[in-house]
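None of the values given here were measured: they were computed from a predicted structure. Residue numbers count from 1 along this sequence.
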Amino acid sequence: MTHAAQRTIDGIDLLDYHPSETSMLDDVLEGLSDPHQKRVPSQYLYDARGSRLFDDITELPEYYLTRTEMQLFASNSASIAAFAGPLASVIELGSGSEMKIERLMGMLERPSAYIPVEISRTHLVAASAALQDRHPEFEVLPVCADFTNPFDVPEPEADHEGRLVFFPGSTIGNFDPERAKDVLRTIRGLLRQGDERDGVLIGVDLMKPLDVLMPAYDDEAGVTADFTLNVLDRLNRELEADFDRDAFAFEARFREGPDRVEMHAVAKEPTSVRIDDRTFQFARGESIHTESSHKFTTEGFSELAESCGMRVVERWIDTDHPFAEFGLRRI
């Protein structure tokens, strides 16, 4: 495990693992050089405009995930609070939606601390300061780390009991199967051996009919298309690439076997793109894979968790738009 340092930035104390943020240029050149499938890492979708567009996506009528997860919280608040126990320290991986974490903290019995884990130091400090100002009743103890690699978290000064690792939004579905196992093993490492109070609350999107699933990733208003193709504008702006955005169309695809939705930017006609000193040729119909979202069955996710040393002890399921919150404990 990488050594961490305690730092204070803008009045916020954080545990800093100094995560390496690889060069966007190196990542993009490597991805576009893949002979099997050109790709751009999904984190580059989220520049300022991309983040705003994703917020817009979560409010679309077709995008059931956020709405369904919030409904699960509302209808199962008492049992989720009982699973977490009193005086819990909540460890959120990725420190995403403020709406979700505020809803969760409000459900719990006297939570002792909120521990956001985020690779972006600037975002982490700003979000932590804002949340601490709004909620002085619990400690905010940020950790700057890449949550896909092992790390540890600080202990709150106030009275505290169990740890609750919070991983909402079916973010686990964005990882390929082997990488998902790595993430789950890292999560298991945060649960203290022999402490039955520690647990995981993880959101998981379940398989559903394609006529429900696919519109969530290819909405009628075209917001998801704009979100995906916006990455080309970002590469032009930040890497001085020369993508012609109009030469690409958005396409969402479902792949059986891995059971995942894939987002692609597809060349309408033969075209070429120059980045740095490299030129990349695109045939008509050739695509850039930008993001995946794997879907699960309840049995399949339970087996995946067990293979990573955790067992399902609670399960909250929305059957209208199949989505589950799983409560896990360490085996």
Side-chain angles (χ1 to χ4, degrees), residues 42 45 53-77 79-80 83 93-94 96-97 99-100 103-104 166-181 183-184 200-228 250-264 266 287 289-308 310 312-328:
S42 60
L45 294 167
L53 286 168
F54 184 74
D55 287 343
D56 292 341
I57 288 170
T58 65
E59 297 178 2
L60 293 169
E62 299 97 328
Y63 194 82
Y64 57 84
L65 286 90
T66 302
R67 181 173 61 253
T68 303
E69 190 166 36
M70 294 299 286
Q71 290 171 348
L72 277 175
F73 289 167
S75 57
N76 298 281
S77 57
S79 56
I80 290 174
F83 170 75
L93 305 186
S97 167
M99 176 177 61
K100 288 181 184 178
R103 174 68 64 84
L104 178 65
F166 183 47
F167 198 31
S170 202
T171 303
I172 191 66
N174 296 142
F175 297 95
D176 289 335
E178 289 306 312
R179 195 64 172 141
K181 289 181 181 179
V183 173
L184 289 173
V200 181
L201 181 64
I202 181 169
V204 176
D205 196 21
L206 304 178
M207 273 301 301
K208 52 185 61 63
L210 294 187
D211 62 350
V212 176
L213 177 63
M214 295 308 294
Y217 297 93
D218 191 5
D219 59 279
E220 187 176 352
V223 183
T224 308
D226 193 7
F227 169 69
T228 299
F250 168 73
E251 187 176 318
R253 304 171 181 172
F254 182 76
R255 285 191 58 193
E256 294 185 14
D259 291 340
R260 72 187 183 202
V261 182
E262 296 179 351
M263 277 60 79
H264 291 259
V266 184
S287 72
H289 180 198
T290 61
E291 194 171 26
S292 292
S293 183
H294 292 78
K295 306 304 170 184
F296 299 87
T297 63
T298 54
E299 297 80 7
F301 183 78
S302 297
E303 291 172 2
L304 177 64
E306 189 167 341
S307 74
C308 299
M310 293 179 287
V312 175
V313 298
E314 294 282 0
R315 199 169 63 181
W316 301 274
I317 298 177
D318 184 288
T319 54
D320 291 335
H321 293 92
F323 189 99
E325 294 292 324
F326 288 92
L328 310 178

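- Looking at I80 and L104, their side chains come closer than 4.5 Å, going by heavy atoms from C-beta outward.
- Separation of atoms CG (D205) and CG (L213) is listed at 7.0 Å; rounding is to 0.5 Å.
- Separating the CD1 atom in I202 from the CZ atom in F166 is a distance of 10.5 Å, to the nearest 0.5 Å.
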Original post:
Please walk me through it: do M214 and D218 pass side chain to side chain contact (heavy atoms under 4.5 Å, CB included)?
Top reply: CA-CA 6 Å; M214 295 308 294; D218 191 5; 5.7 Å; no

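- Looking at heavy atoms from C-beta onward, T228 lies out of side-chain contact with E291 at the 4.5 angstrom threshold.
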**OP:** Assess whether side chain to side chain contact (heavy atoms under 4.5 Å, CB included) is satisfied between V183 and F167, documenting all intermediate values.
**Re:** CA-CA 11 Å; V183 173; F167 198 31; 4.0 Å; yes

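- One N or O on the side chain of S307 and one on the backbone of L304 form a donor-acceptor pair closer than 3.5 Å.
- Side-chain N or O atoms of S293 include none that pairs as donor or acceptor with a backbone N or O of V261 at under 3.5 Å.
- A distance of 3.5 Å separates NZ of K208 from OH of Y64, quoted to the nearest 0.5 Å.
- Atom CD1 of I172 is separated from atom NZ of K181 by 11.5 Å, given to the nearest 0.5 angstrom.
- With hydrogens and angles disregarded, no donor-acceptor distance shorter than 3.5 Å links the side chain of D226 to the backbone of G222.
- Atoms CZ and CE, from F73 and M99 in turn, are 9.5 Å apart once rounded to the nearest 0.5 Å.
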**OP:** Step by step, work out the side chain to side chain contact (heavy atoms under 4.5 Å, CB included) result for W316 and L201.
**Re:** CA-CA 10 Å; W316 301 274; L201 181 64; 3.7 Å; yes

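- Taking the six-membered ring for Trp, F301 and F326 have ring centres closer than 6.0 Å.
- Listed by first and then second residue, the side chain to side chain donor-acceptor pair (under 3.5 Å) pairs involving residues 319-328 amount to none (not counting sequence neighbours).
- Contact annotation: the side chain of E59 never approaches that of T66 to less than 4.5 Å [non-hydrogen atoms, C-beta and beyond].
- Shown here for H264 and T290, the closest heavy-atom pair between the two residues is N-OG1, 4.4 Å.
- Listed for the R67 side chain is a donor-acceptor partner under 3.5 Å among the backbone atoms of P61.
- Within the model, atoms CZ of F323 and CG of L206 stand 8.0 Å from one another, a figure rounded to the nearest 0.5 Å.
- In terms of heavy-atom proximity, E62 sits nearest to P215 at CB-O, 3.3 Å.
- Contact annotation: the side chain of V313 approaches that of F83 to within less than 4.5 Å [non-hydrogen atoms, C-beta and beyond].
- Between Y63 and F54, the shortest heavy-atom contact is OH-CZ, 3.9 Å.
- Considering R255, K295, R253 in turn, R255 is the only one that fulfils the salt bridge (charged side-chain N to carboxylate O under 4.0 Å, His left out) rule with E262.
- Nearest heavy-atom pair across N174 and S292 is ND2-O, 2.9 Å.
- For the residue pair I317 and A324, the shortest heavy atom distance occurs at CG1-CB, 3.9 Å.
- Remark: side-chain polar atoms of E69 are paired, donor with acceptor, to backbone N or O of G169 under 3.5 angstrom.
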**OP:** Mind running side chain to side chain contact (heavy atoms under 4.5 Å, CB included) on L60 and E220 for me, showing each step along the way?
**Re:** CA-CA 9 Å; L60 293 169; E220 187 176 352; over 6 Å; no

